[in-house]
Amino acid sequence: MTGSAAERARLIDRYGGNPLALKIVASTISGLFGDEIGAFLEYGEVIFGGVHTLLQEQFARLSLLAVSLSNRSCWSIQRRISLAQPPARSNADS
């Protein structure tokens, strides 16, 4: 695919950096827009809907075990992030 650095960045930003969404979009750009990222971006509307809808569809296909593991992984990541952040300081500490 061809496009400027700014066009590539806009494309990645538009799909939140989601690898699955970008893979689908890449085939669309290749097939319908002659590998031109700029032409795809000028088209305007996102062709297959939002990334959120795409992820919901993928999540719905998961087995119960995969959903459980996914939820645990997300919880674990959120916990690590919150533990890594310093506690908020109160006005009394100032």
Side-chain angles (χ1 to χ4, degrees):
M1 285 192 294
T2 59
S4 68
E7 289 170 335
R8 291 191 305 269
R10 278 183 48 210
L11 181 68
I12 292 168
D13 185 55
R14 179 178 284 183
Y15 294 96
N18 180 282
L20 177 59
L22 290 168
K23 182 177 179 179
I24 293 169
V25 167
S27 66
T28 301
I29 293 170
S30 179
L32 298 177
F33 296 94
D35 287 334
E36 294 289 331
I37 295 171
F40 174 78
L41 293 171
E42 287 177 24
Y43 184 77
E45 183 62 30
V46 179
I47 291 175
F48 60 86
V51 171
H52 183 72
T53 303
L54 178 66
L55 292 176
Q56 282 181 326
E57 290 171 3
Q58 293 298 313
F59 198 74
R61 294 181 184 152
L62 295 176
S63 67
L64 291 176
L65 176 60
V67 170
S68 176
L69 292 173
S70 176
N71 287 338
R72 288 180 188 209
S73 295
C74 289
W75 180 84
S76 177
I77 291 168
Q78 288 174 342
R79 188 166 188 270
R80 276 189 257 147
I81 290 171
S82 68
L83 290 175
Q85 295 174 347
R89 293 179 48 170
S90 69
N91 288 339
D93 293 340
S94 299

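Since this is a predicted model, take the numbers as computed values, not measurements. What you see below is based on every heavy atom in this structure, not just the backbone, and it leaves out hydrogens, waters and symmetry mates.
Atom CD1 of I29 and atom OG1 of T2 lie 9.5 Å apart (nearest 0.5 Å). Rounding to the nearest 0.5 angstrom, the gap separating the CD1 atom in I37 from the OG atom in S30 is 11.0 Å.
Contact between M1 and A26 at its shortest, heavy atoms only, is CE-CB, 3.7 Å.
Side-chain contact check for R14 versus V25: every heavy-atom pair is 4.5 Å or farther apart.
Listed for the E36 side chain is no donor-acceptor partner under 3.5 Å among the backbone atoms of F33.
Applying the side-chain contact (heavy atoms from CB on, under 4.5 Å) criterion to S63, with sequence neighbours excluded, gives L65, A66.
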